[in-house]
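One structure is given here, and the rest of the page talks about it.
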Amino acid sequence: MIVCVAVVGHQNNPLYIQSFTEADDVLKLHHIVHCSLDVVDERVNNPKKSSPTLNETFLGLLYPTENYKVYGYLTNTKVKLILVTTDLDVRDADVRNFFRKFHAAYVDAVSNPFHVPGKKITSRTFAERVSTIVKSFGLSSAS
């Protein structure tokens, strides 16, 4: 089950963070997302150690914690998409498919002429689309 998704700007400023759990876990999930940025920076700055292809935008599993697994995706504009899940047996293909849809939703949101680049994403349409993508991820991984 996906518990949190985040969009983080190229200067590590949060553009969008949405958690799908109780209010008690929100601060902890924000901390996990923030800690994952160090791993993203490490992988981006040292590509020869972690991934064989330089053009790969899917960063894969960033790090596991006791209760969560954190996955990352880097856009061409250095915007980071972060996924936090409680599932321990998630297939990379499912996560890649999630990030493909999430990235498309992000591109549509920032392509809005009323969106100011670098500012938080406040679009209700984007939030609804992300919720739909998260719900479809839960259904596809259960089958």
Side-chain angles (χ1 to χ4, degrees), residues 1-112 115 117-143:
M1 175 178 127
I2 295 176
V3 293
C4 182
V5 294
V7 178
V8 181
H10 67 279
Q11 296 175 332
N12 289 341
N13 54 323
L15 301 177
Y16 180 83
I17 296 180
Q18 177 66 45
S19 61
F20 300 95
T21 62
E22 298 102 30
D24 299 342
D25 291 344
V26 172
L27 189 59
K28 180 168 65 170
L29 292 171
H30 283 236
H31 178 71
I32 289 172
V33 167
H34 183 73
C35 290
S36 69
L37 298 178
D38 292 334
V39 180
V40 171
D41 288 340
E42 182 179 315
R43 290 200 183 174
V44 169
N45 294 331
N46 301 320
K48 56 188 170 284
K49 293 180 182 176
S50 61
S51 69
T53 59
L54 295 174
N55 294 331
E56 182 66 45
T57 56
F58 176 65
L59 300 173
L61 180 65
L62 298 178
Y63 70 95
T65 65
E66 290 180 17
N67 302 322
Y68 306 110
K69 280 189 167 184
V70 182
Y71 293 89
Y73 184 92
L74 186 69
T75 68
N76 293 336
T77 57
K78 305 298 184 217
V79 172
K80 299 143 195 97
L81 306 179
I82 307 293
L83 164 70
V84 182
T85 181
T86 56
D87 295 333
L88 299 177
D89 56 347
V90 179
R91 295 187 322 220
D92 270 357
D94 291 339
V95 177
R96 283 177 190 265
N97 191 29
F98 168 81
F99 277 126
R100 194 173 299 115
K101 292 176 184 176
F102 190 32
H103 187 209
Y106 166 75
V107 168
D108 288 347
V110 297
S111 296
N112 182 341
H115 175 74
K119 298 293 183 189
K120 290 191 178 219
I121 300 170
T122 57
S123 167
R124 263 187 291 137
T125 306
F126 178 72
E128 292 167 1
R129 197 163 162 197
V130 168
S131 294
T132 303
I133 295 168
V134 166
K135 287 175 187 170
S136 71
F137 180 83
L139 295 175
S140 67
S141 64
S143 44

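These numbers were taken from a predicted model, which means no experiment stands behind them. Numbers for residues simply follow the sequence, beginning at 1. The analysis underlying the following values was restricted to heavy atoms, covering all of them including side chains, and did not include hydrogens, waters or symmetry mates.
Applying the ring pair (Phe, Tyr, Trp, His ring centres under 6.0 Å) test to F102 and every residue at least two apart in sequence or in another chain returns F98. Checked against side-chain contact (heavy atoms from CB on, under 4.5 Å), K69 has the following partners two or more places apart in sequence or in another chain: L61, P64, Y71, T85. Here H115 pairs with V110, N112, I121 under the side-chain contact (heavy atoms from CB on, under 4.5 Å) rule; sequence neighbours left out. For T122, there are no side chain to side chain donor-acceptor pair (under 3.5 Å) partners two or more places apart in sequence or in a different chain. With sequence neighbours left out, D38 forms a side-chain contact (heavy atoms from CB on, under 4.5 Å) with no residue at all. In this structure, F20 has no ring pair (Phe, Tyr, Trp, His ring centres under 6.0 Å) partners at least two apart in sequence or on a different chain. The ring pair (Phe, Tyr, Trp, His ring centres under 6.0 Å) test applied to Y68 returns no partner, not counting sequence neighbours. Residues that satisfy the side-chain contact (heavy atoms from CB on, under 4.5 Å) test with V39, not counting sequence neighbours, are R43, L62, Y63. The side chain to side chain donor-acceptor pair (under 3.5 Å) check on D92 picks up nothing, with sequence neighbours excluded. Residues forming a side chain to side chain donor-acceptor pair (under 3.5 Å) with T77 (at least two apart in sequence, or on another chain): T75.
Tested against I82 for a side chain to side chain contact (heavy atoms under 4.5 Å, CB included), the candidates L59, I32, V40, L29 yield a single pass: V40.
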Taking it one step at a time, do D25 and S19 satisfy side chain to side chain contact (heavy atoms under 4.5 Å, CB included)? CA-CA 8 Å; D25 291 344; S19 61; over 6 Å; no
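To the nearest 0.5 angstrom, Q18 atom CD is 11.5 Å from I2 atom CD1. To the nearest 0.5 Å, atoms NE2 (H31) and OG (S36) are separated by 10.5 Å. In this structure, F58 CZ and R100 CZ are separated by 10.0 Å, a value rounded to the nearest 0.5 Å. Atom OH of Y16 and atom CG of L81 lie 12.0 Å apart (nearest 0.5 Å). Remark: N67 CG to K28 NZ distance equals 5.5 Å, nearest 0.5 Å.
Residues I17 and C4 have side chains in contact (heavy-atom distance under 4.5 Å, counting atoms from C-beta outward).
Counting only residues at least two apart or on different chains, the side chain to side chain donor-acceptor pair (under 3.5 Å) pairs with a member in residues 123-132 are D108-R129.
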Donor-acceptor contacts, no H, no angles, side chain residues 7-14, under 3.5 Å, sequence neighbours left out:
unit_1	atom_1	unit_2	atom_2	d
N12	OD1	K80	NZ	3.1
N13	ND2	G118	O	3.4

